[in-house]
Amino acid sequence: MVRVGIGYDVHKLARGRDLIIGGVRIKSEMGLEGHSDADVLIHAVIDALLGAAALGDIGVHFPDTDETWKGADSAGLLAHARNLIEDAGFAICNIDATLALEKPKLEPHIMEMRARLSTILGLAVDQVSVKATTSEKLGFVGRGQGAVAYAICAIENQ
Ligand code: MG
């Protein structure tokens, strides 16, 4: 049986923070703010995976009240989510994600993000799709105040 999951996340942009998206550090004046490294794309992917297996959400497994996850590398959280999925008897079929951010341009970093995510998840790079868009200067993304990520995945019984 194939099951699908959806994930969504938002983080605020702030000065003096590193911009880390899809496990890739990107040169930027502003970075995403959060309890962990605020990797909005990885957080959406984690929620999609957990959702597909009906295993709750990122807040259940990695509460932001827990000091363990303060400043955490989200790649480590994603690896943990992979273990949860596999322990529940599922294999990941594919992931597709879209990131909305006004600047900087993400296109030069997309391949590196796909490579990084597929390595963490033990997938081929063509099983992981990452797309980027701006918000045409509309809303909080358009004003450069934050980033939004959406992810969907399919998993199947092993
Ligand atoms: Mg988050």
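Indexing begins at 1, ligand by ligand and atom by atom, following the structure's order. One is the number of the first residue; the rest follow in order along the sequence.
Residues passing the salt bridge (Lys or Arg N to Asp or Glu O under 4.0 Å) test with Asp73, sequence neighbours excluded: none. A search for side chain to side chain donor-acceptor pair (under 3.5 Å) contacts involving Thr133 returns nothing, not counting sequence neighbours. Residues passing the side-chain contact (heavy atoms from CB on, under 4.5 Å) test with Val60 are Asp57, sequence neighbours excluded.
A distance-only check finds no donor-acceptor pair linking the side chain of Arg15 to the backbone of Met30 [under 3.5 Å].
Below the 2.8 Å limit, the Mg ion (ligand 1) has as protein N, O or S neighbours Asp9 OD2, His11 NE2, His43 ND1.
The two residues Asp9 and Val40 come nearest to each other via the heavy atoms O-CG2, 3.4 Å.
Counting heavy-atom neighbours within 6.0 Å of Glu136 CD, excluding the residue itself, gives a total of 12 or less.
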